[in-house]
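First the proteins, then the strands, lettered A, B, ... as listed; each starts at 1.
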Protein chains: 2
Amino acid sequence: MLESAPDPATDAGAAAAPTGLPILAVASLHGTLLANLRDYIVEGNLAPGARVPERLLCERFGISRTPLREALKVLASEGLIDLLPNRGARVRQLGADEMVALFDVMGGLEALAGRLACEKISDAAYAEIERLHHEMYASYLRRDLHGYFACNQAIHDRIVRAADNEPLATTYANFAGRLRRVRYSANLDQNRDRWGEAMREHEEILDALHRRAGHELSDILFRHLRNKRKAAAVREAAPAPDATEG
Amino acid sequence: MLESAPDPATDAGAAAAPTGLPILAVASLHGTLLANLRDYIVEGNLAPGARVPERLLCERFGISRTPLREALKVLASEGLIDLLPNRGARVRQLGADEMVALFDVMGGLEALAGRLACEKISDAAYAEIERLHHEMYASYLRRDLHGYFACNQAIHDRIVRAADNEPLATTYANFAGRLRRVRYSANLDQNRDRWGEAMREHEEILDALHRRAGHELSDILFRHLRNKRKAAAVREAAPAPDATEG
DNA sequence: GCCCCGAAATTTGCATTCATTTTTCGAACG
DNA sequence: CGTTCGAAAAATGAATGCAAATTTCGGGGC
């Protein structure tokens with residue numbers, strides 16, 4: 001049930017010969033490397049603040065430094081890493097204030113997605129969201145945290161898709177990736193008040209979406225993200241002050 | 001043609017006299033090239049849909065292909081150009097639907113900026129916006145299109161800055177750059193109805209901002225951008241002076 | 001006369017190489 | 001004994017070189 005995200009990055013992908021299906025793979029070798037490297041970093045294989053070892057990654061992905069550095073430049077523009085002049089790349093470490101800023105942008109993007117979704121969503125797509133909502137509610141009653149999260153993410157994802165706006169979807173994915181590293185120590189399991197509140201907010205979300213009330217849905221979604229941020233720990237994964245492990 | 005060729009590569013602090021003050025200058029050579037190339041494309045020196053001539057740009061900027069291609073990859077991730085596998089880069093050409101999508105994202109970002117600005121803006125910053133608003137109104141009464149546009153852009157820029165959110169500002173600048181190519185054939189001069197409407201909307205914007213009514217301001221700004229899009233021509237910029245179209 | 005096929009020329013993508021910088025390690029000095 | 005200076009080692013940034021693909025241009029076939 002965990003998101004059916006296309007994940008061609010089987011991690012290994014090192015010196016293994018591309019004897020599989022090169023046809024589609026060749027279609028965008030650079031794009032493949034970019035996606036793999038992005039996943040590699042987003043997954044947390046490198047500590048925040050740590051140097052990005054070019055040579056090692058070259059060996060791991062079986063390429064030379066040129067395409068790798070191209071990918072690094074792109075990842076820097078995406079905000080995943082910092083590029084220090086003559087000092088290499090480092091995994092971007094999020095401070096508390098930066099995390100707040102990113103959450104606010106996510107809220108704004110979801111608000112926009114909700115507004116657009118109200119204009120464009122089909123009845124079938126709405127029905128699917130409604131189904132997911134009820135499934136999520138069932139998980140909530142069961143105290144099934146895992147199922148709840150899965151449905152939750154699926155719902156937000158469907159709303160973004162229903163907005164039918166490619167730049168929005170891309171930007172949304174970008175920021176979601178940047179925030180993937182933050183650990184939500186405030187598990188809803190130990191924060192039942194927030195869980196109930198979130199569930200009520202989702203009731204409002206579904207209601208507004210049902211009425212195609214874009215303006216309202218927009219506001220609810222932004223506040224929903226705000227509350228989610230407040231409930232989330234403002235601490236990044238693996239603090240590691242000077243863990244510039246080599 | 002006297003080119004305002006941004007050519008820092010001629011004396012890129014390489015050879016002699018490293019004991020000057022190149023510290024800040026050297027700080028970002030790649031960033032300089034990226035900014036220059038981005039401007040070069042955004043300014044419309046290449047026709048939409050035209051191939052991006054690597055060799056020519058290398059000569060123009062006085063660099064080799066490696067840093068140029070790195071910059072191209074970044075610009076592709078920014079959405080300014082398309083990267084076709086084995087077929088080079090092309091200046092992205094906006095279709096009508098893509099332009100609508102971009103405008104909607106701009107509206108969402110401005111809506112977010114307005115909401116955040118209501119939370120964080122200082123009285124001084126508000127006063128400055130109020131001043132710009134009145135100046136814009138004066139330009140409106142004078143039918144001074146140029147002054148009106150300048151104030152208009154300054155106001156929206158101040159709102160984004162008042163939001164005090166770096167990722168938002170960066171994303172906003174990115175989308176603004178993508179839309180810079182669209183030509184607004186619907187000059188307000190010939191569209192006085194829209195001009196008056198826009199002016200009224202700005203009155204609402206200022207009022208909501210004055211009352212720090214983030215929710216309202218958010219909605220007004222989104223609708224403001226929607227109306228702006230409707231008034232704008234859905235036609236992309238005409239072929240550039242140096243039309244290397246093929 | 002038009003279309004299709006094929007080789008030369010240009011272009012793209014990546015690897016390799018080179019100069020410059022940073023970092024590390026060791027020794028001399030205070 | 002701690003500090004600092006300096007040279008070796010590693011890493012970074014950019015240029016060049018090379019194989020593969022594409023585009024272009026010419027010739028042959030229908």
Side-chain angles (χ1 to χ4, degrees), chain A residues 13-15 17-18 22-34 36-37 46 49-77 81-91 242 244-246, chain B residues 7-37 46 49-77 81-91 244-246:
Chain A
I23 303 156
L24 284 178
V26 169
S28 66
L29 196 149
H30 164 76
T32 305
L33 169 66
L34 182 61
N36 285 351
L37 187 57
L46 269 55
R51 286 176 73 126
V52 179
E54 286 190 5
R55 195 72 60 179
L56 250 83
L57 293 176
C58 286
E59 295 173 7
R60 169 174 289 276
F61 292 105
I63 54 170
S64 88
R65 284 178 55 217
T66 305
L68 184 87
R69 294 181 88 260
E70 290 173 354
L72 287 180
K73 295 291 192 333
V74 173
L75 294 183
S77 87
I81 62 179
D82 288 318
L83 236 49
L84 291 80
N86 288 330
R87 231 167 294 173
R90 285 175 181 278
V91 178
D242 53 352
T244 50
E245 51 96 20
Chain B
D7 200 351
T10 55
D11 58 346
T19 56
L21 291 173
I23 303 158
L24 283 178
V26 171
S28 67
L29 195 148
H30 164 77
T32 305
L33 169 67
L34 182 61
N36 285 350
L37 186 57
L46 269 55
R51 286 176 73 124
V52 179
E54 287 190 6
R55 195 72 60 179
L56 251 82
L57 293 176
C58 286
E59 296 173 7
R60 171 176 291 276
F61 291 104
I63 55 171
S64 87
R65 283 178 55 218
T66 305
L68 183 87
R69 295 182 90 262
E70 290 173 354
L72 287 180
K73 296 291 192 334
V74 173
L75 294 182
S77 87
I81 62 178
D82 288 317
L83 236 48
L84 291 82
N86 289 329
R87 232 166 292 174
R90 285 176 180 277
V91 178
T244 51
E245 61 178 352

Does A/Arg65 or B/Arg55 map to a spot on DNA chain C nearer the 5' end, using the closest nucleotide for each? B/Arg55
NE2 on A/His30 to CG on A/Leu68, rounded to 0.5 Å: 11.0 Å
Here the gap from B/Arg60 atom CZ to B/Asn36 atom CG, rounded to the nearest 0.5 Å, amounts to 11.0 Å
Whole angstrom is fine here: how far is it from CG in B/Leu34 over to P in D/dG13? 14 Å
Nearest 0.5 angstrom please: B/Arg51 CZ to B/Ile81 CD1, how far? 12.5 Å
Nucleotide C/dT12, atom C1' - distance to CG of B/Leu57 in whole Å: 15 Å
Here's a test of your reading of the structure: between A/Thr66 and A/Pro53, which maps to the more 5' nucleotide of DNA chain D? A/Pro53
Please tell me if the side chains of B/Leu75 and B/Leu34 come closer than 4.5 Å, counting only heavy atoms from C-beta onward. yes
Report the nucleotide, chosen from C/dC14, D/dA15, D/dG13, that has the shortest atom-to-atom distance to any side-chain atom of B/Ile63. D/dA15
Let me know the distance between NZ of B/Lys73 and P of D/dG13, rounded to the nearest Å. 17 Å
Euclidean distance, A/Arg69 CZ relative to A/Cys58 SG, rounded to 0.5 Å: 10.0 Å
With hydrogens left out and only the distance checked, is there a donor-acceptor pair under 3.5 Å joining B/Ser64's side chain and the base of D/dA14? no
Decide yes or no for B/Leu72 and B/Leu37: does some side-chain heavy atom of the first lie under 4.5 Å from some side-chain heavy atom of the second? yes
Could you run down the sub-3.5 Å N/O contacts of the protein with nucleotides 22-24 of chain C?
none

Distance check needed: C/dC14 P versus A/Phe61 CZ, whole Å only. 14 Å
In whole angstrom, give the distance that lies between atom CG of B/Leu56 and atom C1' of C/dT10. 13 Å
Can you measure A/His30 atom NE2 to C/dA15 atom C1' for me and round it to whole angstrom units? 17 Å
Length of the CZ-P vector between B/Arg69 and D/dG13, whole Å: 18 Å
Point-to-point distance, once rounded to the nearest 0.5 Å, from CZ of B/Arg55 to OG of B/Ser64: 9.5 Å
Whole Å only: how far is the CD atom of A/Glu54 from the C1' atom of D/dA10? 12 Å
Base, sugar-phosphate alone, or nothing: which one does B/Leu68 contact when heavy atoms must sit under 4.0 Å apart? nothing
